[in-house]
Q: 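One structure coming up, written as structure tokens, with questions to follow.
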Amino acid sequence: MTTRTENLARIPKVYNPSEVEGRIYKSWMDNGYFQPRIQEGKQPFVIIMPPPNVTGELHLGHALTAAAEDALIRWHRMMGDPTLWLPGSDHAGIATQVVVERQLVKEGKTRQEIGRDAFVGRVWEWVHQYGRTIAEQHKRLGASCDWSRERFTLDEGPSRAVRTTFVNLYNEGLIYRGERIINWCPRCSTALSDLEVIHQEVDSRLYYIRYPHSLDPTRHLTVATTRPETLLGDTAVAVNPDDERFSDFIGQNVTLPRLNRPIPVVADSAVDTEFGTGAVKVTPAHDPNDFDIAQRHDLPLITVIGPQSTMTEAAGPQYQGMTAADCRTRILEDLKADTLLEKAEPLTHSVGHCQRCNTVVEPLAGKQWFVKVGPMADAAAKAVTEGRIRIVPDRFTKVYLNWMDNIRDWCISRQLWWGHRIPVWYCDGCDHLIVSLEDPTTCEACPSTNIRQDPDVLDTWFSSGLWPHSTLGWPDDTEDLRYFYPGSVLETGYDILFFWVARMIMMGIQNMDDIPFHTVYLHGLIQDEHGEKMSKVKGNVLNPLDIIDEHGADALRFALTVGTAPGNDSRLSPAKIRASRNFTNKLWNASRYVISILDQSDTVIPAPEPESIPLPNSPSVIPAKAEIHPLPIEDRWILSRLNRTIEDVTRALTSFRLGDAQEYVHDFIWNEFCDWYIEIAKVRLRDPSAPSPAPVLAHVLESSLRLLHPFMPFITEEIWQSLVRRIPDSPGRPDSIMIAPYPTPDPSAIDPEAEEWANLLMSLVRGVRNVRAERKVEAGKKVPAVLLDCETLGPGGRSFLENLALCSVEARPADAPQPENSVMVVEKATRIFLPLTGLFDFAGERQRLESSLEDLRKRIGQVQSRLSNEQFLSKAPPNVVEKERSRLSSWQEEESNLLHRLAELR
RNA sequence: GGGCGGUUAGCUCAGUUGGUGAGAGCGCUUGCCUUACAAGCAAGAGGUCACUGGUUCGAGUCCAGUACCGCCCACCA
């Protein structure tokens, strides 16, 4: 037999995750635990992981996503559900292209110079070089996803899904090509969707410019604009039809400054009479509002700013070729010279910027491909209003529906080279347009073989929108698709609710005629410890890999989610990570101790009795019910608390309150199991005649590990394995904790009597420790004491006396009057008297008791007034009233004890 | 312009369907290297739950309004 000290010495005092995590992850992988078994008739639990950018590096957002999803996944796997967590990565059109373009620039080249094919080849090289990084980093986190099903958006399958969707939508008239105003990023040289444009307040100037009347140059209209250079593309001036100031201008022409082109004055109710002068210049090719006005009044479009933000030929020989910015300066000078610039006022207004590169976005008219989202949005909104999809937290439902209600068509074509090529070909012979699943070689309408594919690629989010079904094999009818679709939970940050979640719902219903998932769980964003957004520029980023290296994946994961609420932003600080790391160490040492007890006393653990162990739900080293095997009251207490904790955790997990669930397990393990139960167990171990606490120690630890496993997978596995080696064989205990059953509460273990007993014990122990600290009694010095009202303690009476060793007193029961120089600690009816020879202070003691009496009477007064309130008695539920009554009576007992003692001390 | 969230201990945050001496971590004070753990143990201090009004026997929790902070949406020329 190994002695406890030997064994303790063998296990290191400090938990070292770096020695554990890699080995454990590999063993999970080798055993194939991450792959679900399809079990017909059994409802699977499915999460499709948000695919990170293929060339990305793991940041805290990914880590939070993985921590939350892995917790849900592991929980369900332990509950016995066929559980699939499908990982993948996204080609991330613009983001990746921009990175590779920068590489080229360093080599002194541009993508245009090397050409499309060579460029795409370069990106693939890059992807092959770095594409595995983020997957490997997810493994370091302990993510239990099924790597055998990993997908990339540009894989054959998902690519076919993209093409099929495009063709189907085109055939249904839901994809169209049209001339519209789009958001153009001059730096990225591509169109952007409305979502990819970030509006920022910018300090600018509002210029007032005179447009002379064409027939009567003595009269003029003044328009106000922030972008004077666009006037070269004006094709009208608009005023509100009800604006009397301009009624005689309507239908007349004014002369466009600089170009001296006559343009009409039109009446349009979209014009705000309050803003500026009430007259607005109309530049249909460069402003979405003006474009709409032009549509209504049949005005021509004149494009004066080109794709590179330089002035076109249409801007006139004077300005052609200038950058838009230079042109603005120049035109202002020219207008001034012409005395047509009336004034300029400062103005802050919001200007669109490119989400990727922060360049000011240029509204530009051009031919692009659009998805007509209206019908899909209606179906997607209905899925939520009808409750088929639930959004957690609920407040985002309104945000989602509001967006769906006001949705505008989605520009999906991008003038990029990296992405899914648009499956459209144009015939040079007859102008026919071919939309096809397979690459055509000849025109469908004429014999010409002179066809060109549309050069554009699709918005990255187009393929992401298909992710829940394209990853499972759609458009093919696969076993995975039939079994795992629709998924269970879609978990992601609220920042991509519109970009991704909304589109998956639309596209999922469109392609599958069924919702893609039942629940949308949105987590908040992570900020630094000062509430600032983390960014490389600010230099306040914490690197998850560094944290894992230093403190372990468990500490990072726990810190990311503990004490957070769904959808709320949270701050992560080194201190919070350290606190979680400390918890791993606490658990490690408690386990070290329990294991040492098991090693030392291998005879005390009863072999599991099959009939008393409700397998497979709760493998147990002890009979679950006290009747089968009468237990000491402190054992009943900790088992009661364990089961309440299991209830709390399960309820929290069921309602997606992961942060609460973690807190419950944390508090149970630390504050109840470690601080009290283990200490009580030590008292019992000193008495050779007492029943060994080893079985209960082992059981509670083992259950706690399973309870904690979804949040701290590595350390729980490591401890569990060494623990189960020391517990006699049980058929319900598998080789890995991750496939062990999640604890289920046993209502029969809930034991109010034992809990009351423990509360009293803890209060008295605290009270004695308090007095000892106050009186500066040497710590650890044994003090003899007497305990009164011991008989009221019920069946735990004897155990109660022994456990007062927790505050280093040797208590014996008594009913005799106490010596005057004793300090009294009282809780309800029970009193402990400590004769503190030489340390007793008569006046001090009286003062101490008087002040507790004062506090007690305040509380008694409150309860009494409540209990004398007729309304309360008649309207409050009986159990609440009963609770108040019993509180009152126990406090009154305490009061009489205090009064009695004070009288003695007079 | 519209919408949402936050305001609880010095700091960061929880707080289940309203149930009544208000919780955690970190920090602080005091005492302890007590053979599981100093990444720890024990004791303690610290809160008019932003403000005003309402509903209720009872409000941190529900309702209305106010203030400040933050976020999202929107075609502010």
Q: G25(B) P sits how many Å from D660(A) CG, rounded?
A: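 The distance from CG of D660(A) to P of G25(B) comes to 15 Å, rounded to the nearest Å.
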Q: For R866(A), which contact category applies under a 4.0 Å heavy-atom criterion: base, sugar-phosphate, or nothing?
A: base
Q: Mind checking the P distance from G19(B) to C28(B)? Whole angstroms is fine.
A: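 G19(B) and C28(B) have their P atoms separated by 34 Å.
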Q: What is the distance from CG of D287(A) to C1' of C76(B), rounded to the nearest Å?
A: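 Value for this atom pair: 11 Å.
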Q: Among the candidates C26(B), C76(B), U16(B), find the nucleotide nearest to the side-chain atoms of R651(A).
A: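 Of the candidates, U16(B) comes closest.
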Q: What's the gap between C13(B) and A22(B) when it is taken at their P atoms, as a whole Å value?
A: 23 Å
Q: Side chain to side chain contact (heavy atoms under 4.5 Å, CB included) with P346(A): which residues, sequence neighbours excluded?
A: none
Q: A14(B) and U55(B): how far apart are their P atoms, nearest whole angstrom?
A: 31 Å
Q: Round to a whole Å and report the spacing from CZ of R581(A) to P of C26(B).
A: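 Rounded to whole Å, this separation is 11 Å.
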Q: Over all strands shown, is G563(A) touching base, sugar-phosphate only, or nothing at heavy-atom distances under 4.0 angstrom?
A: sugar-phosphate
Q: Just to verify, what does R857(A) make a salt bridge (charged side-chain N to carboxylate O under 4.0 Å, His left out) with, not counting sequence neighbours?
A: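 Applying salt bridge (charged side-chain N to carboxylate O under 4.0 Å, His left out) to R857(A) gives E895(A).
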Q: Using a heavy-atom cut-off of 4.0 Å across all strands, would you classify R887(A) as base, sugar-phosphate, or nothing?
A: base
Q: Tell me which pairs pass side chain to side chain donor-acceptor pair (under 3.5 Å) where either residue lies in residues 559-572 of chain A, with sequence neighbours left out.
A: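 For residues 559-572 of chain A, and leaving out neighbouring residues, the side chain to side chain donor-acceptor pair (under 3.5 Å) pairs sorted by first residue read R395(A)-N568(A), Y494(A)-D569(A), Q527(A)-D569(A), T561(A)-Q662(A).
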Q: Is it true that, when you exclude K828(A) itself, more than 12 heavy atoms of the residues, nucleotides or ligands shown sit nearer than 6.0 Å to its NZ?
A: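 No, the 6.0 Å shell around NZ holds no more than 12 heavy atoms from other groups.
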Q: Does a side-chain heavy-atom distance below 4.5 Å link I209(A) with Y211(A)?
A: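 Contact flag for I209(A)/Y211(A) side chains = yes.
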Q: Is there any protein nitrogen or oxygen under 3.5 Å from a nitrogen or oxygen in nucleotides 31-37 of chain B, and what are the pairs?
A:
from   : atom 1 : to      : atom 2 : distance (Å)
A36(B) : OP1    : K682(A) : NZ     : 3.2
A36(B) : O3'    : R592(A) : NH2    : 3.3
A36(B) : O2'    : N589(A) : OD1    : 3.0
A36(B) : O2'    : R592(A) : NE     : 3.4
A36(B) : O2'    : R592(A) : NH2    : 2.6
A36(B) : N7     : K682(A) : NZ     : 3.0
A36(B) : N6     : C674(A) : O      : 3.2
A36(B) : N6     : E679(A) : OE2    : 3.2
A36(B) : N3     : N589(A) : O      : 3.2
A36(B) : N3     : A590(A) : N      : 3.1
C37(B) : OP1    : K13(A)  : NZ     : 3.4
C37(B) : O4'    : N589(A) : OD1    : 3.1
C37(B) : O2'    : N589(A) : ND2    : 3.3
C37(B) : O2     : K586(A) : NZ     : 2.9
C37(B) : N3     : K586(A) : NZ     : 2.8

Q: Reckon V271(A) touches a base, only the sugar-phosphate, or nothing at all at heavy-atom distances under 4.0 Å?
A: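 Base: the residue V271(A), judged by heavy atoms under 4.0 Å, touches a nucleobase.
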Q: G25(B) C1' sits how many Å from N671(A) CG, rounded?
A: 11 Å
Q: Rounding to the closest angstrom, what is the interatomic distance between G65(B) and U17(B) at atom C1'?
A: 27 Å
Q: Would you check if there is a donor-acceptor pair between the side chains of N183(A) and D194(A) at a distance under 3.5 Å?
A: yes
Q: Just how far, in rounded Å, is C1' of C26(B) from CZ of F583(A)?
A: 16 Å
Q: My understanding is that only residues two or more places apart in sequence, or in another chain, count here; which of them pass ring-ring contact (aromatic ring centres under 6.0 Å, His included) with F673(A)?
A: none
Q: Just to be sure I understand the rule, does R772(A) reach a base, reach only the sugar-phosphate, or reach nothing, if contact means heavy atoms closer than 4.0 Å?
A: nothing
Q: Send over the distance from N568(A) CG to U8(B) P, rounded to a whole Å.
A: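 So the CG-P distance, N568(A) to U8(B), works out to 14 Å.
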Q: Select base, sugar-phosphate, or nothing to describe what Y664(A) touches, counting heavy atoms under 4.0 Å on all strands.
A: base
Q: Measuring only the C1' atom in each nucleotide, how far is A64(B) from G70(B)? A whole number of Å is fine.
A: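 Going atom to atom, C1' in each nucleotide, I get 23 Å.
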Q: Say we look at C63(B) and A24(B): how far apart would their P atoms be, to the nearest angstrom?
A: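 Pairwise P distance, C63(B) against A24(B), rounds to 28 Å.
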Q: By the 4.0 Å heavy-atom rule, please label R769(A) as base, sugar-phosphate, or nothing.
A: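 Sugar-phosphate contact only.
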Q: Taking only side-chain N and O atoms of W676(A), does any of them lie within less than 4.0 angstrom of OP1 or OP2 on C41(B)?
A: no
Q: Looking across every strand, which nucleic acid part, if any, lies under 4.0 Å from S350(A) by heavy atom: base, sugar-phosphate, or nothing?
A: base
Q: Please tabulate the protein-to-nucleotide N/O contacts below 3.5 Å involving nucleotides 71-73 of chain B, giving atom names and distances.
A:
none

Q: When you get a sec, tell me which of G3(B), A14(B), G40(B) is the closest nucleotide to the side chain of N582(A)?
A: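 The answer is G40(B), which lies nearest to the side chain.
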Q: What pairs with E362(A) under salt bridge (charged side-chain N to carboxylate O under 4.0 Å, His left out), at least two apart in sequence or on another chain?
A: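 Only R227(A) meet the salt bridge (charged side-chain N to carboxylate O under 4.0 Å, His left out) criterion with E362(A).
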Q: Could you list the residues that satisfy salt bridge (charged side-chain N to carboxylate O under 4.0 Å, His left out) with E550(A), not counting sequence neighbours?
A: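 Applying salt bridge (charged side-chain N to carboxylate O under 4.0 Å, His left out) to E550(A) gives none.
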Q: Between G53(B) and G60(B), how far apart are the P atoms? Round to whole Å, please.
A: 15 Å
Q: Taking any heavy-atom pair under 4.0 Å as a contact, classify R775(A): base, sugar-phosphate, or nothing.
A: nothing
Q: Considering every strand and a 4.0 Å limit on heavy-atom distances, what is the contact class for K398(A): base, sugar-phosphate, or nothing?
A: sugar-phosphate
Q: Have a look at E647(A) and say if it touches a base, only the backbone sugar-phosphate, or nothing, with a 4.0 Å heavy-atom cut-off.
A: nothing
Q: Take a 6.0 Å sphere around NZ of K883(A) and say whether it holds more than 12 heavy atoms from other residues, nucleotides or ligands.
A: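 Result for NZ/K883(A): open.
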Q: Is it true that, when you exclude E201(A) itself, more than 12 heavy atoms of the residues, nucleotides or ligands shown sit nearer than 6.0 Å to its CD?
A: yes
Q: Can you see whether N869(A) engages R866(A) through a side-chain donor-acceptor pair at a distance of less than 3.5 angstrom?
A: no
Q: Between G5(B) atom C1' and F396(A) atom CZ, what is the distance in whole Å?
A: 8 Å
Q: Counting the atoms with a prime plus P, OP1 and OP2 as sugar-phosphate, which does V14(A) contact under 4.0 Å by heavy atoms, base, sugar-phosphate, or nothing?
A: base
Q: Provide the distance between the two C1' atoms, one in A9(B) and one in G54(B), to the nearest whole Å.
A: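 Result for the C1' pair: 29 Å, nearest Å.
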Q: For H286(A), what residues pass the ring-ring contact (aromatic ring centres under 6.0 Å, His included) criterion, not counting sequence neighbours?
A: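 ring-ring contact (aromatic ring centres under 6.0 Å, His included) check on H286(A) returns nothing, list empty.
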Q: Are any protein N/O atoms closer than 3.5 Å to N/O atoms in nucleotides 54-60 of chain B? If there are, list each pair with its distance.
A:
from   : atom 1 : to      : atom 2 : distance (Å)
C57(B) : OP1    : K875(A) : NZ     : 2.1
C57(B) : O2'    : N869(A) : ND2    : 3.1

Q: Mind telling me whether H666(A) and F583(A) have parallel, tilted or perpendicular rings, with 30° and 60° as the class edges?
A: tilted
Q: Give me the stems containing RNA chain B, sorted by first residue, counting only three or more consecutive Watson-Crick or G-U pairs with both distances under 3.5 Å; say none if there aren't any.
A: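 Looking at RNA chain B, the stems formed by three or more consecutive pairs are B:1-7 with B:67-73, B:10-13 with B:23-26, B:28-32 with B:40-44, B:50-54 with B:62-66.
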Q: Provide, to the nearest angstrom, the distance between the CZ atom belonging to R571(A) and the C1' atom belonging to C11(B).
A: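 That distance rounds to 9 Å.
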Q: Excluding sequence neighbours, so at least two apart, what forms salt bridge (charged side-chain N to carboxylate O under 4.0 Å, His left out) with R328(A)?
A: E229(A)
